[in-house]
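Only a predicted model underlies this, so the values are computations on that prediction, with no experimental measurement involved. So that the names make sense, note that chain A is the first sequence line, chain B the second, and so on, each numbered from 1.
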2 protein chains.
Amino acid sequence: MFGSSIKLTDRQQQLLDYLRQQQRDFGVMPSTRDIQKHFGFSSQTAAMSHLRALEKKGVIQRHPHKARAVVFPEDLKREEIVDVPLYGSIAAGYAEAQQQEPDGSISVDAATLGLNRNGKAFALKVRGESMIGANICHGDIVIVEVKEPRPRDIVAALIDGETTLKRFVLENGQPFLRAENPAFPDLVPARELVIQGVMKTLIRKVD
Amino acid sequence: MFGSSIKLTDRQQQLLDYLRQQQRDFGVMPSTRDIQKHFGFSSQTAAMSHLRALEKKGVIQRHPHKARAVVFPEDLKREEIVDVPLYGSIAAGYAEAQQQEPDGSISVDAATLGLNRNGKAFALKVRGESMIGANICHGDIVIVEVKEPRPRDIVAALIDGETTLKRFVLENGQPFLRAENPAFPDLVPARELVIQGVMKTLIRKVD
DNA sequence: CCGAACTTTGTTCGAGCGAACAGAGTTCGT
DNA sequence: ACGAACTCTGTTCGCTCGAACAAAGTTCGG
């Protein structure tokens, strides 16, 4: 992408990997003494020199006179990340509070998701082809924000004790759900319509 | 989701927001003395107590006896995040090295993307309906990994000085590109076929 | 072969920083 | 009105940690 392609020494690469691993595993950067011990240096100065070298090559940034103050530049440029729990399916009874165990988690920056940290959201794995007319396929992952739907929104709704994706339609003051597939009938709610949220984003992984 | 719903005091929320903001802006956590100064406390102990309270409520974790060692639990559970540059379009001549300025950036965890830090990738905004048969719409964002395509892969290819998305097909030893839309003809390469990468993931934002 | 960059040693200094303790004012629910 | 939780003060102790300096061994390209 740019000038970061200045080559690193073997040792410098090792140090960088160590920094990254520590940050991932503990969330905190090692001090120069931590580095010294990990690499078996007899002096912190060795660690210091390497950090200085890495900083000169632009792969890290440092805040002078602050402890454990090594930063990766890419982390600074990054937007805020939000974590969305992924449910393979949502069982009945958990319509309001998602108290189930997630099947995993999806972490994306808020900007591409169109969400903020406050808005509750979850991800749902699509089953079946009932929304194929909206180009939503079996196996796709849909990010759903918990909020009131507007007409024509695609929503996650609780039907027969199972969450499915449908389009929310309002005709003559009567709300109902419509599949985007001629093979599926409209669904007029028997009693009440349990809408769990509104689709905001779609993610599809190809093999 | 779980017990993190223990309510925070106003002051505790302010402190948490401050921690988050500092981490975003500088990549480093504030020390107790930084907190003290920021809130105008006359003693660090106030900061200490609040940190302890936040830790007890589970919204932060701390590494005892380490400097600036406050961690957000969600950051620890999170998978590795990779940043993918987004290009609205890729002009000719930049087929190999993406030396253009990105129109933005997408940050997603590696697991969701199916990529690792090493593999080069970029994101592309889809224009037109030529892949509608594969349920890829105008306006979708496609993550493309730079690598050799296998037959039947969907690829980003350079055609007439512009990058487009097509299916890579191999028939009788002859490679060509096929749109997933009957209104578009097959594209047999005049001279050579410039494949920029293979589609790995699709992201669609709905209004 | 010579020098530049990389790598490591050994030591000292002083500010950074978490931790602890005793005490007290404030808010809020019951 | 009583207590619990929240909030803040003032101070001291001692490890943590970055920084600096002088020196030298190692690797490697030209």
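A donor-acceptor contact under 3.5 Å is formed by the side chain of A:Arg33 with the base of D:dG18. Counting distance only, with no hydrogens placed and no angle test, the side-chain atoms of B:Thr45 and the base atoms of D:dG10 include a donor-acceptor pair under 3.5 Å.
Nearest nucleotide to the B:Pro64 side chain, out of C:dC6, C:dA19, D:dA19: C:dA19. Residue B:Gln44 places its side chain closer to D:dT11 than to any other of C:dC6, C:dG10, D:dT11. Set against D:dC8, D:dT11, C:dG10, the side chain of A:Ser43 has C:dG10 as its closest nucleotide. Here the nucleotide nearest the side chain of B:Met48, chosen from D:dA19, C:dA19, D:dC6, is C:dA19. Side-chain proximity of B:Ala46 to the nucleotides D:dA19, C:dG18, D:dC8 is greatest for D:dC8. Counting only heavy atoms from C-beta on, B:Phe41 has its side chain closest to D:dC8 among D:dC8, D:dC6, D:dG18. Nearest to the side-chain atoms of B:Arg62 among the listed nucleotides C:dC6, C:dG18, C:dC17 stands C:dG18.
Of the residues in residues 13-25 of chain B, not one comes within less than 4.0 Å of DNA chain C through any heavy atom.
For the pair A:Arg152 and A:Phe168, the NZ or CZ position fails the cation-pi test of under 6.0 Å to the six-membered ring centre and within 45 degrees of the ring normal.
Between the CG atom of A:Asp10 and the C1' atom of C:dC6 there is a distance of 11 Å, given to the nearest Å. Taking atom CZ on B:Arg11 and atom C1' on C:dT27, their separation rounds to 14 Å, with Å as the unit. In this structure, NE2 of B:His65 is placed 16 Å from C1' of C:dG16, rounded to the nearest angstrom. If you take CD of B:Glu55 and C1' of C:dG18, they are 13 Å apart, rounded to a whole angstrom. We find that NE2 of B:His63 is positioned 17 Å from P of C:dC17, with the value rounded to whole Å.
Using a cutoff of 4.0 Å between basic side-chain nitrogens and carboxylate oxygens, A:Arg68 and A:Asp34 are scored as salt-bridged. By the 4.0 Å N-to-carboxylate-O rule, A:Asp153 lies too far from A:Arg167 to be salt-bridged with it. With respect to the salt-bridge test (charged N to carboxylate O, under 4.0 angstrom), the residues A:Glu79 and A:Arg117 do not qualify.
For the pair A:Gln12 and B:Arg52, nearest-nucleotide mapping onto DNA chain C gives the more 5' position to A:Gln12. Each of B:Ser42 and B:Lys66 was matched to the nucleotide of DNA chain D holding its nearest heavy atom; the match closer to the 5' end belongs to B:Ser42.
Rounding to the nearest 0.5 Å places CD of A:Gln61 at 11.5 Å from CZ of A:Phe72.
Listed pair A:Lys57 / C:dC6 meets the phosphate criterion, a side-chain N or O lying under 4.0 Å from OP1 or OP2. Side-chain N/O atoms of A:His50 include one lying less than 4.0 angstrom from OP1 or OP2 on C:dT7. Listed pair B:Thr32 / C:dG18 meets the phosphate criterion, a side-chain N or O lying under 4.0 Å from OP1 or OP2.
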Using the rule given for side-chain hydrogen bond (donor to acceptor under 3.5 Å, both in side chains), can you reason through B:Gln13 versus B:Asp17, listing the C-alpha separation, both sets of side-chain angles and the distance that settles it, and then say yes or no?
CA-CA 6 Å; B:Gln13 186 62 52; B:Asp17 291 343; 3.0 Å; yes

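Within a 6.0 Å sphere centred on CZ of A:Arg20, heavy atoms belonging to other residues, nucleotides or ligands number more than 12. The environment of B:Asn172 atom CG is sparse: at most 12 non-hydrogen atoms of other residues, nucleotides or ligands sit within 6.0 angstrom.
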Using nucleotides 23-30 of chain D, report all nitrogen or oxygen pairs with the protein that are shorter than 3.5 Å.
none

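Formation of a donor-acceptor pair under 3.5 Å by the B:Asp25 side chain with backbone atoms of B:Gln22 is not found in this model.
B:Tyr18 and B:His38 have parallel rings, their planes meeting at less than 30° on a 0 to 90° scale where 60° marks the start of perpendicular.
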